[in-house]
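Taking it in order: structure first as structure tokens, then the write-up.
Residue numbers count from 1 along this sequence. The structure presented is a predicted model; accordingly, all values stated were derived computationally and were not measured.
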Amino acid sequence: ESFDCCDSIVSNIVIYTKNNTTNKKNINIKDTIKDEILRILPKTNDDLNEDWITDKTRYFFDALKQNRNYTLHFNTKSKIKPDWINGIDYFNFLLNNIEIKKIVAIPDNLLDIKDIFFFKQLLNEFGINNFQYSSKLYNINMDLPYFFEFNSMIKNIDSADAILLIGVNPKIEAAVLNARIRKNYIKKNLIVAKIGSKINLNYPTLNLGISSNILQRIAEGKHTFCKTLRNTKNFLIIQGTSLLQRTDAFCLTNIIRFINKKANIDILNKYNFNILHNNISLINICSLGIQSGIRSNIYLTNIKKTYNLGICLNNISKNFLKINAKSTINFSTHKTLIAETSLLNLPIKTIQEKNSNIINTEGKIFNLNKIISPSVNIKSIENICKTSITFLQKNLENFTNNNLIKELPILKNKKNLATKFTFKYNNINESQNFFINSPLIINLKNFYKTDLITKNSIILSECSLILLSKKTNFL
């Protein structure tokens, strides 16, 4: 039994594996090494995925053996032996001899809490603060979990009377959630309204428009949808992360919170303002409170800055994130375009090949046990970071699980869910007062290819071609 990492819902799944041992006499099953996934089936959990999983969850695992990055290598003229000792020494040498303002770190969509935390701690040891998650800045208030989580809980969709989708496509970003909404529409004629790009969700919706001005009109009580709000007892707002990449994201967030506060009368017990993340890395970064350190250099001044060194965690290419870096250090589970030209290429484990901790969009913590073992001796990002600090003869105090728990106490919570705050935090306004009347665009277009693992799946690649050709609506 395990959990799905392909989206932020983190569905419960059962994974069937094949052991690499042939002689089963006198062998403890717990001691055998599982080297291949045979199939993945859903495990019933009424609070999250019920008894559903997506096709992406069911078929992604062929990528764990396709195009894997198993070779540590240097792109230098020196005859350095390509092993882990020399590789980590060279990694430390590069970080120590390049100006810290000229180094940027770029993580991917599929990293667990430990990978992100220990890698950020490593950057702090070198004085590096340029940590960028995406090509566009996410304007997220990370002070409280209420500001970036799915607060009403997914199971409470069953009791909702109306749902307003703002800048989100649940069919692509969280297909299991979309199936739950569709079930409730069929069961009790649930009202679903949306603001944003034109999308087909496989059930009827009220298309309120594409412009951000619609939100302002609803807040002022001048929109026809306000009549619907008056007649609902349980109204949910689901906001997508694409909206948080806008320059006026904080202003729109203030408007959405105001609408939520006025639409829900029972203000002491309702948490109906929800952020739906489309991957686990972003919610993990938010939970750790890691802010981008290069916002003033790139985004606010709109100046393209050139970096001497880019540290890429499971990214495909520098152009993928629009970062100008003369040289790169590559950490990746699979072979990529950037790995071939990097100064240093370090192969790393996938989430399925180690013990991991992840947080879903609700704020629940999930502990994933190791499922399979890689065929060669590769390391996790956590091990690389700890070894790097050891080689520098520095204290490992900041690289312990206890230090991680201090930073994220939810990891010690047996209920696996942080305590929710009262509704009065809806009264908090973000420090932004400018508003841009423009379309709410949904950035995620391809359901099947959202991270480096799914991009290397043969089955999902075929599905992606059919999806993008728009010849069928099988999603």
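In this structure, Y59 has its ring center no closer than 6.0 Å to that of Y448.
When every heavy atom of H334 is checked against every heavy atom of L452, the shortest pair comes out as N-CD2, 4.0 Å. Residues F117 and N398 come closest through the heavy atom pair CE2-O, 4.0 Å. Heavy atoms only, all atoms of each residue included: S242 and L444 are closest at OG-N, 4.4 Å.
Side-chain atoms of D89 and N86 include no donor-acceptor pair closer than 3.5 Å. Using modelled atom types and a 3.5 Å distance limit, the side chains of N345 and N69 yield a donor-acceptor pair. Side-chain atoms of N151 and N274 include no donor-acceptor pair closer than 3.5 Å. If you check the side chains of K120 and N124, you find a donor sitting under 3.5 Å from an acceptor. For the residue pair D62/S457, the side-chain donor-acceptor check at 3.5 Å is satisfied.
The CG atom of N456 sits 7.0 Å away from atom OG1 of T333, with the distance rounded to the nearest 0.5 Å. The structure places CD of Q216 at 11.5 Å from CZ of F258, a figure rounded to the nearest 0.5 Å. The line from CZ of F60 to CD1 of I40 is 4.5 Å long, rounded to the nearest 0.5 Å. With rounding to the nearest 0.5 angstrom, the CD atom of Q352 is 13.5 Å from the CZ atom of F3. One distance of note links CD1 of I154 with CG of D47; it measures 9.5 Å at 0.5 Å rounding. Atoms CD and CG, on Q239 and L165 in that order, are 11.5 Å from each other to the nearest 0.5 Å.
Note on ring orientation: taking the six-membered ring where Trp is involved, the planes of F273 and Y146 are tilted (angle from 30° to 60°). Ring geometry, F74 versus Y90: the interplanar angle exceeds 60°, so the pair is classed perpendicular (tilted spans 30 to 60°).
With sequence neighbours excluded, the residues satisfying side chain to side chain donor-acceptor pair (under 3.5 Å) with K56 are T450.
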Would D4 and I9 count as a side chain to side chain contact (heavy atoms under 4.5 Å, CB included) if you check the C-alpha gap in whole Å, the side-chain angles of each, and the deciding distance to 0.1 Å?
CA-CA 8 Å; D4 169 41; I9 302 298; over 6 Å; no

Before you tell me yes or no, could you show the steps for K445 and I172 under side chain to side chain contact (heavy atoms under 4.5 Å, CB included), namely the whole-Å CA-CA distance, both residues' side-chain angles and the distance that decides it to 0.1 Å?
CA-CA 7 Å; K445 305 295 183 183; I172 291 180; 5.7 Å; no

Can you check side chain to side chain contact (heavy atoms under 4.5 Å, CB included) on I378 and L72, steps first, answer last?
CA-CA 9 Å; I378 57 178; L72 187 152; over 6 Å; no

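Panel note: side chain N141, backbone L144; no donor-acceptor pair is recorded below 3.5 Å. A side-chain donor-acceptor contact under 3.5 Å links S380 to the backbone of N383. Proximity of a side-chain donor or acceptor of N284 to a complementary backbone N or O of I358 within less than 3.5 Å is not detected. No donor-acceptor distance shorter than 3.5 angstrom exists from the side chain of S388 to the backbone of I384, with no hydrogens or angles considered. Judged by distance alone, with hydrogens and angles left aside, the side-chain atoms of R180 form no donor-acceptor pair with the main-chain N or O of V176 at under 3.5 Å. Although no hydrogens or angles enter the test, the distance criterion places no donor-acceptor pair under 3.5 Å between the side chain of N272 and the main chain of N260. In this structure a side-chain-to-backbone donor-acceptor pair under 3.5 Å is missing from R257 to F147. For S281 (side chain) and L110 (main-chain N/O), a donor-acceptor pair under 3.5 Å exists by modelled atom type. Of the possible polar contacts, one joining the D248 side chain to the I436 backbone as a donor-acceptor pair under 3.5 Å is found. Looking only at distances, a side-chain donor or acceptor of K171 sits under 3.5 Å from a matching main-chain atom of N200.
K394 forms a cation-pi arrangement with F126, by the criterion of a distance under 6.0 Å to the ring centre and an angle within 45° of the ring axis.
The local environment of NZ in K406 is sparse, with at most 12 non-hydrogen atoms from other residues, nucleotides or ligands closer than 6.0 Å. Within a 6.0 Å radius of NZ in K335, no more than 12 heavy atoms belonging to other residues, nucleotides or ligands are found. Residue F391 places its CZ atom among more than 12 non-hydrogen atoms of other residues, nucleotides or ligands, all under 6.0 Å distant.
Tested against E149 for a side chain to side chain contact (heavy atoms under 4.5 Å, CB included), the candidates T361, I283, I275 yield a single pass: I283.
Look at K114 and D112 and you find no salt bridge, because none of the NZ, NE, NH1 or NH2 atoms lies under 4.0 Å from a carboxylate O. By the 4.0 Å N-to-carboxylate-O rule, K354 lies close enough to D115 to be salt-bridged with it.
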